[in-house]
Every structure is written in C-alpha cells, then in structure tokens.
Amino acid sequence: MALPHTDAHVRHTDTVLIDGRTLCCADIERIARGDAAVRLDDKARKRAQEAWQLAEHTATLQPVYGRTTGVGSKRHEKVDEADARGHGLRLLRSHAAGVGPLHSPGRVRAALAIRLNQLAAGGSGVHPRVLEALEGALRRGVLPVVHQYGTLGSADLTALAEIALTWLENARGRRATRRP
C-alpha cells in the first residue's frame, strides 16, 4: 500500500515549477533523478479548477465521452448519474492490466511529472485534487507500481491507470530508490 512518507534516497536540490507550459526535458531529467522537487503553479491549479467546473457543467447538458458515457465500443452507452464514480473506477480497473518487469523509480517519477504538467495545462477536466495528489507523491517520493507492458494502441493507458489506482484504492506502492 502506498503511504505518504519521505523517500530518504531522493535529494531535492532545487524546485521545478509545474505550470502546464514550460516544463522541459532537462527539468524532467532532474525530477527523474530525484534532484529537483516539484511545485504546482497557482495559476495552473486555478485553470484545472475552471476546467473541472466546465466539464461538470457540460456533462449536465450533453454526453461527455468517458465521463457520462462508456468508452470504445460502449461509447454510446449512457452512464447512470448515480454510478458516475463507480464508472470511473471500473474504467481504471479494466485498464490497469500491466505485466512484466516494473519501470524504474526514475522513469515513474518522470511519468508522474509529465502527467502533472499535462493536467496543469487545464484542458483535462479532472478535479484539482488529482494534480495535488501527483504533486504530493512526487514531493514525498511515493511511487506507484507501474509495469512495463500493457495495452496495444495507447502506450500510456495501462501505466496511467496503475498510477491512478495507487491513490484510489491504496494499491501497492513502493518507495523510490535512487539508482546510479
């Protein structure tokens, strides 16, 4: 189970501001090595809040793929409003089917930072708590178990589902270990 803790092996010598716009490869490398902490920009947090509110409002007016409907071949099936939370969790569980060796802690840190930056751009419609969970995981060194092999078609679908389930279901997590 992934519990909040400080990873003794991660040494943060500086901080990278995650704003959804300026993250560069050198920043990702420093985060992946554990040499830089992350801080979510307040403007990015506000953009995420506004996008979530818009997505919530839009979902009351029309079908929203994956939010009020199924996905893939079930995209035309409406999700019962009372079961919207269960729908999202079932989607994650069905896609978290990774197998094989685990990604290195550095690669998982890089994936978390990249995803946080994508969400910080403000176009996803996820609740800002998702961004805060990713930021907190990176700051505390709490990493989900992410397998190297998953689905065909969307290269990151399995990995992102495993990452999300770490926080939603208290799935197995591991402390990051600094590798030379």
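Residues: numbered from 1 along the sequence shown.
Using a 4.5 Å heavy-atom cutoff, the side chains of Lys74 and Thr69 are not in contact.
No more than 12 heavy atoms of other residues, nucleotides or ligands shown are found within 6.0 angstrom of CZ on Arg129.
Side-chain atoms of Arg67 do not come within 3.5 Å of backbone N or O of Thr58 as any donor-acceptor pair. His103 places no side-chain N or O within donor-acceptor distance of the main-chain N or O of Arg109, the cut-off being under 3.5 Å. For Glu135 (side chain) and Leu40 (main-chain N/O), a donor-acceptor pair under 3.5 Å exists by modelled atom type. Arg139 contributes no side-chain N or O that, together with a main-chain N or O of Ala37, makes up a donor-acceptor pair within less than 3.5 Å.
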For side-chain contact (heavy atoms from CB on, under 4.5 Å), just list the numbers for Lys43 and Lys46, CA-CA rounded to whole Å, side-chain angles, deciding distance to a tenth of an Å, and then say yes or no.
CA-CA 5 Å; Lys43 291 178 185 174; Lys46 183 178 181 209; 5.5 Å; no
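A ring-ring contact (aromatic ring centres under 6.0 Å, His included) check over residues 23-66, counting only residues at least two apart or in different chains, returns the pairs Trp52-His127.
Heavy-atom minimum distance, Gly70 versus Val79: N-CG2, 4.1 Å. Residue Ala51 comes nearest to Gly122 through the heavy atom pair CB-O, 2.8 Å, listed as atom of the first residue, atom of the second, then distance.
Note on Val108 and Val130: same hydrophobic cluster, where clusters join Ile, Leu, Val, Met, Phe, Trp and Tyr whose side-chain heavy atoms are under 4.5 Å apart, directly or indirectly. Residues Val126 and Ile18 share a hydrophobic cluster, clusters being chains of Ile/Leu/Val/Met/Phe/Trp/Tyr side chains in contact below 4.5 Å.
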Determine all donor-acceptor pairs shorter than 3.5 Å in which one atom belongs to a side chain in residues 20-27; sequence neighbours excluded.
{"from": "Thr22", "atom 1": "OG1", "to": "Asp19", "atom 2": "OD1", "distance (Å)": "3.0"}
{"from": "Thr22", "atom 1": "OG1", "to": "Asp19", "atom 2": "OD2", "distance (Å)": "3.0"}
{"from": "Asp27", "atom 1": "OD1", "to": "Arg30", "atom 2": "NH1", "distance (Å)": "2.9"}
{"from": "Asp27", "atom 1": "OD2", "to": "Cys24", "atom 2": "N", "distance (Å)": "3.3"}

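Considering only residues two or more places apart in sequence or on other chains, Arg107 meets the side-chain hydrogen bond (donor to acceptor under 3.5 Å, both in side chains) condition with none of them.
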